[in-house]
2 protein chains.
Amino acid sequence: MTKEAGKPAREADKAADKAKGSKARAVADALTLAVHEHRLAPGLKLNEDEVGEIFGVGRTIVRSALQMLAHDQLVTIEPNRGAFVAEPSIREAREVFEARALLEPRTARSAAERITPQDVATLRAHNAAEHAALDRGDFGMAVRLSGEFHIELARIADQSTIAEFIAQLIARSSLVVALYWRRPKAMCETHAHEALLTALEQGDGATAEELMKGHLLDLLSSLDLRETPAAPRTLRDALRP
Amino acid sequence: MTKEAGKPAREADKAADKAKGSKARAVADALTLAVHEHRLAPGLKLNEDEVGEIFGVGRTIVRSALQMLAHDQLVTIEPNRGAFVAEPSIREAREVFEARALLEPRTARSAAERITPQDVATLRAHNAAEHAALDRGDFGMAVRLSGEFHIELARIADQSTIAEFIAQLIARSSLVVALYWRRPKAMCETHAHEALLTALEQGDGATAEELMKGHLLDLLSSLDLRETPAAPRTLRDALRP
DNA sequence: ATTTTTAAGATCGTGTACAATCTGATCTCA
DNA sequence: TGAGATCAGATTGTACACGATCTTAAAAAT
């Protein structure tokens with residue numbers, strides 16, 4: 001009996017599951033969450049020793065986690081310089097939304113065809129939480145929940161490969177929003193999500209696809225992606241705050 | 001100052017080849033290439049010490065490279081067990097082609113709108129090399145070149161984010177082909193590529209999009225993705241669905 | 001005073017050693 | 001003989017130390 005008998009509750013084991021997967025994954029997930037909630041500003045330097053100290057792990061773990069994030073383009077690793085929270089260029093920002101425009105509308109249609117009442121309940125809960133966060137003024141949490149809505153949709157569509165891509169794009173979108181957000185008139189977003197939700201609930205795939213397409217265009221148009229003059233955006237300047 | 005006299009010796013060639021990326025990237029690229037050429041069979045165990053010995057690097061580098069490949073789902077890392085060349089399930093195989101169907105046709109259209117004579121020349125060279133490899137009976141090289149055709153197309157479309165996704169999907173497609181290929185009547189592929197090339201050369205985006213869509217469907221239909229594959233690859237896979 | 005040089009400090013890249021874990025085989029007992 | 005326990009070998013997970021490289025800033029020379 002070297003091992004505990006059986007496997008206990010699945011939901012309660014979530015934390016243990018991550019710890020078991022690997023500490024590096026746990027650190028990477030924590031950092032990703034922080035990016036989703038806009039708690040890590042683009043350009044911030046992520047010192048390996050410092051991060052390791054915070055999470056109580058060695059530098060090896062931190063390095064592994066940072067490499068994961070670098071692969072998702074959430075951080076950029078400059079050789080012999082260190083890791084920094086990524087600062088997506090305007091071009092990259094456009095590319096991210098271009099990719100989302102290719103993936104998400106069709107995925108929303110698929111989701112509409114397979115959605116279950118349970119899924120609807122989950123999404124409604126997400127929506128409610130997002131509203132609550134906005135009313136509370138917790139913009140970070142609102143951005144995170146808004147992104148999770150899209151990720152959950154991809155998961156419902158039962159296409160884990162595409163869902164993985166979308167998750168990456170959502171994370172990068174959080175950085176894009178942090179950099180190029182125009183005005184806090186984002187409230188339309190939650191309404192867009194609600195309209196989507198009703199279409200999904202009725203199994204109306206075509207409408208869901210169109211709504212998602214429009215939603216992404218709205219999001220894109222709410223950004224300020226004009227070319228910055230002379231681009232004085234060096235890392236040194238970015239680190240000045 | 002005298003950098004050349006420092007420590008060139010045996011690593012000079014590799015340093016010149018991948019001067020920018022680290023050694024880990026070089027190892028990862030080499031392994032990826034081997035997968036593309038069907039030189040690494042799915043399910044093969046990649047012993048860290050062994051790989052390190054082959055490439056003349058330490059286990060740290062190998063570990064980093066394997067983590068990169070694991071992120072691309074080219075290898076699966078089982079905790080305390082090691083790394084194995086991935087064996088995509090039938091479901092994963094379908095998902096890969098589903099994702100390609102979403103990304104590549106529209107990307108082909110974009111490529112047609114931006115393609116330059118230089119790009120056409122490059123693609124023609126690729127095509128010729130693919131034909132030559134097939135005539136020579138070098139199927140591994142043919143598969144690799146066929147994949148690179150698609151990747152190059154995405155690059156021409158000037159959407160590096162989407163190109164990155166497609167590159168991942170192509171790599172996984174190589175594994176899928178290795179596992180589920182039906183018959184060596186793949187010659188249609190090269191003709192499909194040639195038809196695409198002419199459409200691209202004429203800037204006919206709509207035709208290119210349609211051709212790509214059909215090409216991907218042909219590819220998918222040339223696989224044997226029946227739910228009951230007579231070949232449960234390994235006992236481990238059979239026991240761990 | 002400005003520019004170049006130089007040195008110090010800090011950070012990252014890599015190899016190596018040790019601990020944890022798994023696999024496979026041997027041994028014991030019914 | 002067969003099932004279960006135990007142990008040796010091997011492999012991965014992690015921490016740590018040393019060397020390489022970059023940044024920073026002071027100091028010296030023009």
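By convention in this document, chain letters (A, B, ...) are assigned in the order of the sequence lines, proteins followed by strands, and residues within each chain are numbered from 1.
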If only atom types and distance count, is the side chain of B/E95 paired as donor or acceptor with the main-chain N or O of A/S160 below 3.5 Å?
yes
Under 4.0 Å, heavy atoms only, any strand: does A/D49 hit a base, just the sugar-phosphate, or nothing?
nothing
B/R59 CZ to D/dG13 P: how many Å, rounded?
8 Å
Side chain of B/R63 only, please: which of D/dT14, D/dG13, C/dC12 is the nearest?
D/dG13
Let me know the distance between CD of A/E53 and C1' of D/dA15, rounded to the nearest Å.
14 Å
Whole-Å distance between D/dG13 P and B/R81 CZ?
11 Å
Regarding the side chain of B/K45, the nearest nucleotide among C/dT11, D/dG13, D/dT11 is D/dT11
CD of A/E78 versus P of C/dC12: gap in Å, rounded?
11 Å
Of B/G82 and A/G56, the one whose nearest nucleotide on DNA chain D sits closer to the 5' end is B/G82
Go through the side-chain N and O atoms of B/T32 and B/D29 and say whether any donor and acceptor fall under 3.5 Å apart.
no
Output the single nucleotide from D/dT11, C/dC22, D/dT14 whose closest atom is nearest the side chain of A/I61.
D/dT14
First encountered from the 5' end of DNA chain D, between A/N80 and B/T60:
B/T60
For B/I77 and D/dG13, give me the distance from atom CD1 to atom P, rounded to whole Å.
7 Å
Test side-chain contact (heavy atoms from CB on, under 4.5 Å) on B/F97 and B/L223 and set out the steps.
CA-CA 11 Å; B/F97 277 89; B/L223 300 176; 3.6 Å; yes
Assess whether a salt bridge exists between B/R144 and B/D138, defined as any Lys/Arg side-chain N lying under 4.0 Å from an Asp/Glu carboxylate O.
no
Protein-nucleotide distance (A/Q67, atom CD; C/dG13, atom C1'), rounded to Å
11 Å
Rounded to whole Å, how long is the line connecting atom CZ of A/F55 with atom P of D/dT14?
15 Å
